[in-house]
Amino acid sequence: MSLFQFLPHKIFPEFYEECRLTGVLRYLPAKQREYGDSYFMEEYKSQYKKSYYEDEPNLRAMAKRRLSNLKKLAEGNPKDKTSSQKKTLLEIGSAAGFFLDEAKIVGYQTKGLELSPKEVEYAKSSLSLDVDQTSVLSVGLREWEEQFDVVSAFFVIEHIEDIEGIWKRMKAWTRPGGYLYLAVPSSFGPSFQTNPKEWFATHPSDHFFDYSFLSLKKLLSILGFEVNYVRPMSYHSYRDLSPLGKLPEWLYRLYANQFAYGDTIELIARKRKH
């Protein structure tokens, strides 16, 4: 049985189909793109106003914060039988490997999948990381002998047209009791919720699906995961055209954290042990 059953969106049928089981949104105008070196460098600079490599200190700081989140969750699960063993971590879309390198520093055995030849070469030659230049969908469900303690994908899954394929892989590759760590754009945030005209005007053409905390929670539950952590990755009260946008910044952030209300979110889910 398919994980997804899409029907026309009730308000925006020209842009979206909505999964009746989970609420995940399929963006109808999306088109596939090549994700080589030029895409990676140009898109990053366009979005963040600096090159990926110029942003290395910030990216490493973010990696450390994410690894700290994982550590806190693992410490809160004393029943984890593999706590004394070397943990394994897979990153889908690992770029130059800054997150993998920070994970290796704190003791993980790491593996990466990345499409950009330049980033793979850098990860291998400069950071001595184990990274394969390949599409995630070209890797089989049973590619590795053992499952990973952590499977991570930061701003990757929305680019993948085969939504069944990517989710089946992430489930198969995460060991029971292990963690799935995601960062995605969110449709439950100030842009789509209060200014849909601008949302669609600036929607990336290669984002095939849009998620929210609620749709991810429903989907992950079907797949056998429980959400342990979710937070907005950014706060954009100035984009919010609702009364929320007029709240003091501290109160706005309190609301955003409480309800995972943001244009981008990150989430950690633990795979149930059956």
*Asks:* Can you list everything that forms a side chain to side chain contact (heavy atoms under 4.5 Å, CB included) with Gln109? Sequence neighbours excluded, please.
*Replies:* Lys86, Thr88
*Asks:* Which pairs with one or both residues in residues 232-250 pass salt bridge (Lys or Arg N to Asp or Glu O under 4.0 Å), sequence neighbours excluded?
*Replies:* Arg239-Asp263, Glu249-Arg253
*Asks:* Would you give the length of the straight line joining atom CD of Glu143 to atom CG of Asp132, rounded to the nearest 0.5 angstrom?
*Replies:* 8.0 Å
*Asks:* Where do Pro232 and Asn257 come nearest, in terms of heavy atoms and distance?
*Replies:* CD-OD1, 3.4 Å
*Asks:* Quick check: closest heavy atoms across Met233 and Ala183, and the distance to 0.1 Å?
*Replies:* SD-CB, 3.7 Å
*Asks:* What verdict does the side chain to side chain contact (heavy atoms under 4.5 Å, CB included) test give for Phe225 and Leu219, after you've listed the backbone C-alpha separation in whole Å, the side-chain angles of each residue and the deciding distance to 0.1 Å?
*Replies:* CA-CA 9 Å; Phe225 289 81; Leu219 172 57; over 6 Å; no
*Asks:* Under 3.5 Å, is there a donor-acceptor pair between the side chain of Thr194 and the main chain of Ser191?
*Replies:* no
*Asks:* For Tyr122, what residues pass the ring pair (Phe, Tyr, Trp, His ring centres under 6.0 Å) criterion, not counting sequence neighbours?
*Replies:* Tyr53
*Asks:* When you look at Arg175 and Glu146, which way does the salt bridge (charged side-chain N to carboxylate O under 4.0 Å, His left out) test go after all the steps?
*Replies:* CA-CA 8 Å; Arg175 71 162 180 84; Glu146 296 185 0; over 6 Å; no
*Asks:* To check you understand the geometry: which heavy-atom pair defines the closest contact between Gly177 and Arg270, and what is its length?
*Replies:* O-NE, 3.1 Å
*Asks:* Is there a donor-acceptor contact under 3.5 Å from the side chain of Glu114 to the main chain of Ile92?
*Replies:* no
*Asks:* Please list all pairs meeting salt bridge (Lys or Arg N to Asp or Glu O under 4.0 Å) that have one or both residues in residues 207-218, counting only residues at least two apart or in different chains.
*Replies:* none
*Asks:* Could you check Leu267 against Leu220 for side chain to side chain contact (heavy atoms under 4.5 Å, CB included), going step by step and ending with a plain yes or no?
*Replies:* CA-CA 11 Å; Leu267 173 151; Leu220 286 162; 3.5 Å; yes
*Asks:* Same cluster for Val230 and Val24 if Ile/Leu/Val/Met/Phe/Trp/Tyr side chains link at under 4.5 Å?
*Replies:* yes
*Asks:* Determine yes or no for a side-chain-to-main-chain donor-acceptor pair under 3.5 angstrom, with Thr174 supplying the side chain and Met170 the backbone.
*Replies:* yes
*Asks:* Can you get from Phe6 to Ile222 by hopping between Ile, Leu, Val, Met, Phe, Trp and Tyr side chains that sit under 4.5 Å apart?
*Replies:* yes
*Asks:* For the pair Arg20 (side chain) and Phe4 (backbone), establish whether a donor and an acceptor sit closer than 3.5 Å, ignoring hydrogens and angles.
*Replies:* no
*Asks:* Could you check whether Tyr261 and Phe188 have their ring centres less than 6.0 Å apart?
*Replies:* yes
*Asks:* Kindly write out the residues that satisfy side-chain hydrogen bond (donor to acceptor under 3.5 Å, both in side chains) with Ser138, not counting sequence neighbours, or none if the list is empty.
*Replies:* Thr134
*Asks:* Can Glu91 and Phe154 be said to form a side chain to side chain contact (heavy atoms under 4.5 Å, CB included), step by step?
*Replies:* CA-CA 8 Å; Glu91 184 179 11; Phe154 306 122; 3.5 Å; yes
*Asks:* Within the 4.5 Å heavy-atom criterion, are Leu216 and Val227 side-chain neighbours or not?
*Replies:* no
*Asks:* Could you check Phe192 against Tyr16 for ring pair (Phe, Tyr, Trp, His ring centres under 6.0 Å), going step by step and ending with a plain yes or no?
*Replies:* CA-CA 12 Å; Phe192 182 54; Tyr16 277 138; 5.8 Å; yes
*Asks:* First locate atom CG of Leu7, then atom CZ of Arg26, and finally report the distance between them rounded to the nearest 0.5 Å.
*Replies:* 10.0 Å
*Asks:* To the closest 0.5 Å, what do you measure between CG (Leu247) and OH (Tyr255)?
*Replies:* 9.5 Å
*Asks:* Which word best sums up how the rings of Phe148 and Trp144 line up, parallel for under 30°, tilted for 30 to 60°, or perpendicular for over 60°?
*Replies:* perpendicular
*Asks:* Quick check against the 3.5 Å criterion: does Asp162 have a side-chain atom that pairs as donor or acceptor with the backbone of Gly165?
*Replies:* yes
*Asks:* Is Phe155 reachable from Val131 through a run of hydrophobic residues whose side-chain heavy atoms are each under 4.5 Å from the next?
*Replies:* yes
*Asks:* Roughly how far, to the nearest 0.5 Å, is the CG atom of Leu180 from the OG atom of Ser152?
*Replies:* 8.5 Å
*Asks:* Less than 4.5 Å apart, side chain to side chain, heavy atoms only: is that true for Leu70 and Tyr179?
*Replies:* yes
*Asks:* Same cluster or not: are Phe208 and Ile265 linked, directly or through other Ile, Leu, Val, Met, Phe, Trp or Tyr residues, by side-chain heavy atoms under 4.5 angstrom apart?
*Replies:* yes
*Asks:* For Trp199 and Ser186, work out which heavy atoms get closest and say how close.
*Replies:* CH2-O, 3.5 Å
*Asks:* Closest approach of Pro8 and Pro13, non-hydrogen atoms and distance?
*Replies:* CB-CB, 4.3 Å
*Asks:* Measuring only between side-chain heavy atoms, which start at C-beta, is Glu121 closer than 4.5 Å to Gln133?
*Replies:* no
*Asks:* Please verify the inter-ring angle class for His207 with His203; under 30° counts as parallel, over 60° as perpendicular, anything in between as tilted.
*Replies:* perpendicular
*Asks:* Could you grab the distance from atom OG of Ser242 to atom CG of Asn195, nearest 0.5 Å is fine?
*Replies:* 11.0 Å
*Asks:* Is any NZ, NE, NH1 or NH2 atom of the basic residue among Lys124 and Asp130 found under 4.0 Å from an Asp or Glu carboxylate oxygen of the other?
*Replies:* no
*Asks:* Pairs under 3.5 angstrom only: tabulate donor-acceptor contacts from the side chains of residues 94-102 to other protein residues two or more places apart or in another chain.
*Replies:*
from   : atom 1 : to    : atom 2 : distance (Å)
Asp101 : OD2    : Arg60 : NH1    : 3.1
Asp101 : OD2    : Arg60 : NH2    : 3.1
Glu102 : OE2    : Arg60 : NH1    : 2.8

*Asks:* Does any N or O in the side chain of Ser68 come within less than 3.5 Å of the main-chain N or O of Lys64, such that one atom is a donor and the other an acceptor?
*Replies:* no
*Asks:* Do Glu226 and Ser221 meet the criterion of a side-chain donor-acceptor pair at a distance under 3.5 Å?
*Replies:* no
*Asks:* Spell out, as yes or no, whether a donor-acceptor pair under 3.5 Å connects the side chain of Trp173 to the backbone of Leu141.
*Replies:* yes
*Asks:* Look only at the side chain of Ser51 and the backbone of Glu54, and say whether a donor-acceptor pair between them is shorter than 3.5 Å.
*Replies:* yes
*Asks:* Can you tell me how far NZ of Lys72 sits from CG of Asn228, rounded to the nearest 0.5 angstrom?
*Replies:* 14.0 Å
*Asks:* Measuring only between side-chain heavy atoms, which start at C-beta, is Lys104 closer than 4.5 Å to Ser128?
*Replies:* yes
*Asks:* Do the side chain of Lys171 and the main chain of Gly224 share a donor and acceptor less than 3.5 angstrom apart?
*Replies:* no
*Asks:* Are the side chains of Leu3 and Glu164 in touch, meaning some heavy atoms are under 4.5 Å apart?
*Replies:* yes
*Asks:* Using side chain to side chain contact (heavy atoms under 4.5 Å, CB included), reason through Leu89 and Asp149 one step at a time and then give a plain yes or no.
*Replies:* CA-CA 6 Å; Leu89 180 147; Asp149 294 294; over 6 Å; no
*Asks:* Quick one: do Ile157 and Val139 end up in the same hydrophobic cluster if we chain Ile, Leu, Val, Met, Phe, Trp and Tyr together by side-chain heavy atoms under 4.5 Å apart?
*Replies:* yes
*Asks:* Any side-chain donor paired with an acceptor under 3.5 Å for Ser234 and Thr264?
*Replies:* yes
*Asks:* In terms of the angle between their ring planes, are Phe15 and Phe200 parallel, tilted or perpendicular, with boundaries placed at 30° and 60°?
*Replies:* parallel
*Asks:* I'd like to know if Arg231 pairs up with Glu266 as an ion pair, taking the criterion as any Lys NZ or Arg NE/NH1/NH2 lying under 4.0 Å from an Asp or Glu carboxylate oxygen.
*Replies:* no
